[in-house]
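Here is the structure we will look at, set down as C-alpha cells.
Note that ligands are numbered from 1 as they come in the structure, with each ligand's atoms numbered from 1 the same way. This is a predicted model, so every value here is computed, not measured.
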Amino acid sequence: MTRGKLITIEGIEGAGKSTALQFIQDYLVKAGVEVVLTREPGGTDVSEAIRKLLLHSTASEGIAPETELLLMFASRAQHISQCIEPTLSAGKWVVSDRYVDASYAYQGGGRGIAMDKISLLDKMIVDGLYPDLTFLLDVPADLGIARAEKRGTQKDRIEQEKTDFFVRVRNVYLERAKADPERIRLIDATLGLGLVQDQVRRILDEFIRKK
Ligand code: T5A
C-alpha cells in the first residue's frame, strides 16, 4: 500500500488556517484522496486533554515556557503514535492544523527558548516524520490579531499575548520558510479569501501532479 502524505498548515492567530483547512479537505476529497483532518495541540483524546491544559489553564501559578514546550511535544508524541503514523501507514492523507514548525515559532520565537533545545525534542519525538507539504499562511501580526478579535470568541492563554510576541512568532515562521522553500510554501494571507484559495489550489495542483 502506498503511504499517505502529511500536509500541515501554519501561521499566527487569525491567519485563516481553519478556513484553509476546509478548502484543502474539499480539494483532496474531490481528487479522490482519503483524508483525515487533525490539529495540534490535540488530535487524540489524550492530546486534547493536554491542549485544554495548555490553552485554558486557569492555575494562578501560570505555565513556565519549558513546561509549555514539553507539553506541546507530549501532545505531539501521542498524536504521532495514535493518529498520524497509523493513518499514513493505512494509505490515508493527514492534514494537520499546526505541527512541529509551531513549536519553533511559538516556543522558540515567542517564548525565547533556545532553538537547539527545541531541535533536541524534535529529533526525539518527530524523529524525521516531517510534513510532505506545509502551507504557511502569512499575515502581519496586527492583521491576524484584528481578524481573530473580530470573531468575538474568548481569547485562550496564548492568544492573550501582546503583538510583539506574534511579531516574533511570524519572524521565525518566515525564517523557516526561507530555509526550506520546497516544503514550506508561503501564502500571502492578507488577500481576500478567494485569492488565498487560488494560491493554495495552485500549490495543491502541483503537489498532486508530482505525487
Ligand atoms: N501552539 C501550537 C504552540 O504554541 N506550539 C505548538 O507547537 C503548537 C502546535 C493553538 C495554539 O497553540 C499554539 C499556537 C496557538 O496559539 P489553534 O487551535 O491553532 O491554537 O488556534 P489559533 O491559532 O488561535 O487559530 P485561529 O482560529 O485564531 O486562527 P485561524 O484558524 O488561522 O483563523 P480562522 O480561519 O479562524 O480565521 C480567523 C477569522 O478571519 C477570517 C475568518 O472568517 C475568521 O473570522 N478570515 C479572513 N478574513 C478576510 N480575509 C481572509 N483571507 C480571511 N481568512 C480568514
Side-chain angles (χ1 to χ4, degrees), residues 6 8-25 37-44 47-48 50-57 63-80 83-84 94-113 115 117-119 121-122 125-126 130-131 134-163 165-166 168-170 172-173 176 187-201:
L6 173 59
T8 60
I9 310 175
E10 300 280 357
I12 62 164
E13 334 290 305
K17 294 181 306 299
S18 313
T19 319
L21 193 77
Q22 213 45 58
F23 177 78
I24 293 170
Q25 180 186 31
L37 294 190
T38 185
R39 68 174 180 182
E40 284 205 353
T44 78
S47 305
E48 288 291 329
I50 299 173
R51 176 188 177 95
K52 213 163 158 194
L53 183 60
L54 274 164
L55 301 185
H56 304 293
S57 166
I63 294 182
E66 287 75 14
T67 311
E68 184 178 273
L69 175 69
L70 290 168
L71 285 172
M72 289 294 176
F73 272 95
S75 160
R76 180 163 303 129
Q78 187 74 7
H79 190 211
I80 289 173
C83 171
I84 297 180
V94 174
V95 182
S96 183
D97 187 345
R98 300 191 185 281
Y99 189 53
V100 65
D101 293 300
S103 293
Y104 288 94
Y106 280 79
Q107 281 64 55
R111 300 285 186 223
I113 295 178
M115 295 297 178
K117 288 188 184 166
I118 302 174
S119 183
L121 289 167
D122 180 354
I125 304 300
V126 177
Y130 255 62
T134 296
F135 290 99
L136 173 55
L137 270 60
D138 181 52
V139 290
D142 47 3
L143 177 58
I145 293 167
R147 279 189 191 163
E149 279 175 355
K150 227 169 107 189
R151 264 187 328 224
T153 49
Q154 210 177 353
K155 289 184 173 183
D156 65 39
R157 196 180 58 83
I158 297 178
E159 281 170 340
Q160 287 169 23
E161 289 297 332
K162 301 216 165 32
T163 306
F165 175 90
F166 297 106
R168 294 195 299 276
V169 171
R170 179 191 184 209
V172 173
Y173 270 135
R176 290 181 69 76
I187 303 290
D188 180 354
T190 63
L191 303 172
L193 220 54
L195 292 172
V196 170
Q197 290 177 352
D198 284 348
Q199 298 171 71
V200 172
R201 186 187 299 107

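Only the backbone of L191 comes within 4.0 Å of ligand 1, counting heavy atoms alone; no side-chain atom from C-beta on gets that close. Within the 4.0 Å heavy-atom criterion, the part of V196 lying near ligand 1 is the side chain and not the backbone. Neither the backbone nor the side chain of E68 has any atom closer than 4.0 Å to an atom of ligand 1 (non-hydrogen atoms only).
Taking all atoms of both residues into account, the shortest heavy-atom contact from M72 to L54 is SD-CD1, 3.6 Å. D188 and V196 make their closest contact through O-CG2, 3.8 Å (heavy atoms, listed as atom of the first residue, atom of the second, distance).
The single protein non-hydrogen atom nearest to atom 7 (O) of ligand 1 is S103 OG, 2.7 Å, given as residue, atom name and distance. For atom 42 (C) of ligand 1, the nearest non-hydrogen atom of the protein is T19 OG1, 4.1 Å. Of all protein heavy atoms, the one closest to atom 6 (C) of ligand 1 is M72 SD, 3.4 Å. For atom 13 (C) of ligand 1, the closest heavy atom belonging to the protein is I158 CD1, 3.8 Å. The protein heavy-atom contact nearest to atom 11 (C) of ligand 1 is L55 CD2, 3.9 Å.
In the displayed structure, K117 atom NZ is contacted under 6.0 Å by at most 12 heavy atoms of other residues, nucleotides or ligands. Around CD of Q154, the count of heavy atoms belonging to other residues, nucleotides or ligands within 6.0 Å does not exceed 12.
Salt bridge R151/E13: absent, no basic N to carboxylate O contact under 4.0 Å.
Which parts of ligand 1 touch A102 is read off a 4.0 Å heavy-atom cut-off, strictly below it: atoms 5 (N), 6 (C), 7 (O), 8 (C), 9 (C). Near G192, meaning under 4.0 Å from any of its heavy atoms, are these atoms of ligand 1: 52 (N). Every atom of ligand 1 with a heavy atom of L193 under 4.0 Å away is listed here by number and element: 51 (C), 52 (N), 53 (C), 54 (N). The E159 neighbourhood of ligand 1 comprises atoms 24 (O), 28 (O), with distances under 4.0 Å to a heavy atom of that residue.
Annotation: cation-pi geometry satisfied between R176 and Y104 (NZ/CZ under 6.0 angstrom from ring centroid, within 45° of ring axis).
Within the structure, salt bridge (charged side-chain N to carboxylate O under 4.0 Å, His left out) pairs that include any residue of residues 70-80 comprise E40-R76 (at least two apart or interchain).
Under the 3.5 Å distance criterion, with hydrogens and angles disregarded, no donor-acceptor pair is assigned to the side chains of Y130 and D101. Between the side chains of T134 and T8, a donor-acceptor pair is found at a separation under 3.5 Å. There is no side-chain donor-acceptor pair under 3.5 Å between Y99 and E10.
For Q199, there are no side chain to side chain donor-acceptor pair (under 3.5 Å) partners two or more places apart in sequence or in a different chain.
Between R76 and ligand 1 there is a heavy-atom distance shorter than 4.0 Å. Ligand 1 has P41 within reach: a non-hydrogen atom of the residue lies less than 4.0 Å from it. Residue R39 places no heavy atom under 4.0 Å from ligand 1. Not a single heavy atom of T190 sits under 4.0 Å from any atom of ligand 1.
A distance-only check finds no donor-acceptor pair linking the side chain of R51 to the backbone of G42 [under 3.5 Å]. A donor-acceptor pair under 3.5 Å is absent between the side-chain atoms of R111 and the main chain of L69, judged by distance alone.
Atom 21 (O) of ligand 1 is not flagged as protein-proximal [any protein heavy atom, distance under 4.0 Å].
When only interatomic distances are considered, the shortest N/O to N/O separation between S18 and ligand 1 falls below 3.5 Å. Taking only nitrogen or oxygen atoms, main chain and side chain alike, G14 reaches within less than 3.5 Å of ligand 1. Distances between N or O atoms of R51 and those of ligand 1 include at least one value under 3.5 Å. The N/O atoms of R98, backbone and side chain alike, include one that comes under 3.5 Å of an N/O atom in ligand 1. At a 3.5 angstrom cut-off on N or O pairs, A15 counts as close to ligand 1. Backbone and side-chain nitrogen or oxygen atoms of R151 are examined, and one is located within less than 3.5 angstrom of a nitrogen or oxygen of ligand 1. For a threshold of 3.5 Å applied to N or O pairs, the pair formed by G16 and ligand 1 contains at least one separation below that value.
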* **E161 and R168: CA distance, side-chain angles, deciding distance, salt bridge (Lys or Arg N to Asp or Glu O under 4.0 Å) verdict** => CA-CA 11 Å; E161 289 297 332; R168 294 195 299 276; over 6 Å; no
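Taking CG of L55 as the reference point, atom NZ of K155 lies at 14.5 Å (rounded to 0.5 Å).
When the options Q107, E161, K17 are ranked by their closest heavy atom to atom 4 (O) of ligand 1, first place goes to Q107. Heavy-atom proximity to atom 46 (N) of ligand 1, evaluated over Q197, R147, Q160, E40, is greatest for R147.
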